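Below: the structure, in structure tokens.
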Amino acid sequence: IRPYFGYLPKIRVFACLAVALFASPPFFQRQLTQDVSRVLYAAGGILLLYALYDYLFHASVKFLFDRRTCSIYKITGIIFKKRLMGFDEMTVLTTSEYGDREYAIGRKNRQFIKNHPISAPFGNSHKAQRREAEYREHILQPILTFIHH
């Protein structure tokens, strides 16, 4: 599963804004001073770094539930694969941060010390409550069924 797949539209917007900021100073070379051009390039660089960070550490994170080894793995990007826990050690908990709920997995004895979010945050709006109900029905229940069989 990819819990932060919803980050991709934000990443695309930031990358497009960065490209626009990098491309605009040459077109307005006579109207802009050198200092304003530098500020635009710096802002574009910051947006690009932010988009890259979100992609590498949020949007590319996947959780693999491997029935063959009865283990759960966290895959970051293409290269990094880390075994988190076995199926028998896993527990699902609901965490709340800034009023938004999200589902996480953790080891039974240490779930409050170290846990891994497996869903995007759900707010308190009606739309978010519908998304949460769909998440529980279509993603969380099949995961629990898969693990317990």
Side-chain angles (χ1 to χ4, degrees), residues 1-27 37-149:
I1 61 173
R2 293 179 70 184
Y4 294 111
F5 189 71
Y7 274 61
L8 288 178
K10 181 177 83 168
I11 292 170
R12 286 185 189 120
V13 167
F14 282 1
C16 289
L17 285 173
V19 168
L21 286 174
F22 283 130
S24 62
F27 290 115
S37 295
R38 287 181 183 160
V39 168
L40 290 175
Y41 287 135
I46 290 169
L47 285 173
L48 195 59
L49 288 175
Y50 188 74
L52 186 64
Y53 174 82
D54 264 356
Y55 179 75
L56 291 176
F57 296 108
H58 290 119
S60 69
V61 172
K62 300 174 198 165
F63 290 95
L64 174 67
F65 294 82
D66 190 0
R67 183 171 289 189
R68 186 176 45 86
T69 61
C70 292
S71 298
I72 301 168
Y73 296 94
K74 181 179 181 180
I75 303 169
T76 305
I78 301 170
I79 302 171
F80 303 109
K81 182 177 180 181
K82 179 182 175 186
R83 182 183 185 277
L84 297 178
M85 64 195 84
F87 287 171
D88 57 339
E89 302 171 307
M90 186 198 90
T91 186
V92 176
L93 59 139
T94 306
T95 61
S96 181
E97 193 170 310
Y98 304 114
D100 292 341
R101 291 177 311 281
E102 65 183 10
Y103 291 93
I105 57 173
R107 290 184 186 225
K108 287 183 181 173
N109 297 333
R110 300 187 333 220
Q111 72 262 24
F112 297 112
I113 298 171
K114 178 81 172 172
N115 56 51
H116 306 277
I118 59 169
S119 73
F122 300 107
N124 294 324
S125 68
H126 292 294
K127 184 178 178 181
Q129 289 174 355
R130 281 194 305 267
R131 283 186 334 146
E132 183 177 4
E134 288 176 5
Y135 179 83
R136 280 189 304 224
E137 181 182 342
H138 297 293
I139 296 174
L140 191 59
Q141 281 302 326
I143 287 173
L144 294 175
T145 304
F146 178 79
I147 287 175
H148 295 305
H149 282 141

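Bear in mind that the values here come from a model prediction, so they are computed numbers and not experimental data.
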Could you give the distance from [atom1] ([X]) to [atom2] ([Y]), rounded to the nearest 0.5 Å?
| X | Y | atom1 | atom2 | value |
| --- | --- | --- | --- | --- |
| M85 | C70 | CE | SG | 14.0 Å |
| K127 | R131 | NZ | CZ | 7.5 Å |
| I1 | L140 | CD1 | CG | 8.5 Å |
| L64 | I75 | CG | CD1 | 4.5 Å |

Mind checking whether [X] and [Y] have side chains closer than 4.5 Å, heavy atoms only?
| X | Y | result |
| --- | --- | --- |
| I72 | K82 | no |
| I118 | Y4 | no |
| N115 | I105 | no |
| L84 | H116 | yes |

Give the table of side-chain donor-acceptor pairs shorter than 3.5 Å for residues 39-63, with sequence neighbours excluded, one pair per line with atom names and distance.
from, atom 1, to, atom 2, distance (Å)
D54, OD1, H58, ND1, 3.1
D54, OD2, K10, NZ, 3.0
S60, OG, Y55, O, 3.1
S60, OG, L56, O, 2.9
S60, OG, G77, N, 3.4

Between E89 and R107, is there a salt bridge with N-O shorter than 4.0 Å?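 A salt bridge is present here (some side-chain N lies under 4.0 Å from a carboxylate O).
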After noting the C-alpha distance and the side-chain angles of E132 and R101, does the key distance pass the side-chain contact (heavy atoms from CB on, under 4.5 Å) rule? CA-CA 9 Å; E132 183 177 4; R101 291 177 311 281; 2.5 Å; yes
Who are the side chain to side chain contact (heavy atoms under 4.5 Å, CB included) partners of F146, not counting sequence neighbours?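 Counting only residues at least two positions away or on another chain, F146 forms a side chain to side chain contact (heavy atoms under 4.5 Å, CB included) with F65, R67, F87.
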Non-hydrogen atoms of [X] and [Y] that approach each other most closely:
| X | Y | answer |
| --- | --- | --- |
| G6 | P9 | O-CD, 3.2 Å |
| P142 | E137 | CD-O, 3.5 Å |
| P3 | P117 | CG-O, 3.7 Å |
| G106 | L93 | N-CD2, 4.2 Å |
| A120 | E102 | O-CB, 4.0 Å |
| N124 | Q129 | O-NE2, 3.5 Å |

For S71 and R83, test the side chains for any donor-to-acceptor distance below 3.5 angstrom and give the result as yes or no. yes
Decide if atom CG of N109 counts as having more than 12 heavy atoms of other residues, nucleotides or ligands within a radius under 6.0 Å.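 12 or below, so no.
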What is the ring orientation for Y103 with F122, classed by angle as parallel under 30°, tilted 30 to 60°, or perpendicular over 60°? perpendicular
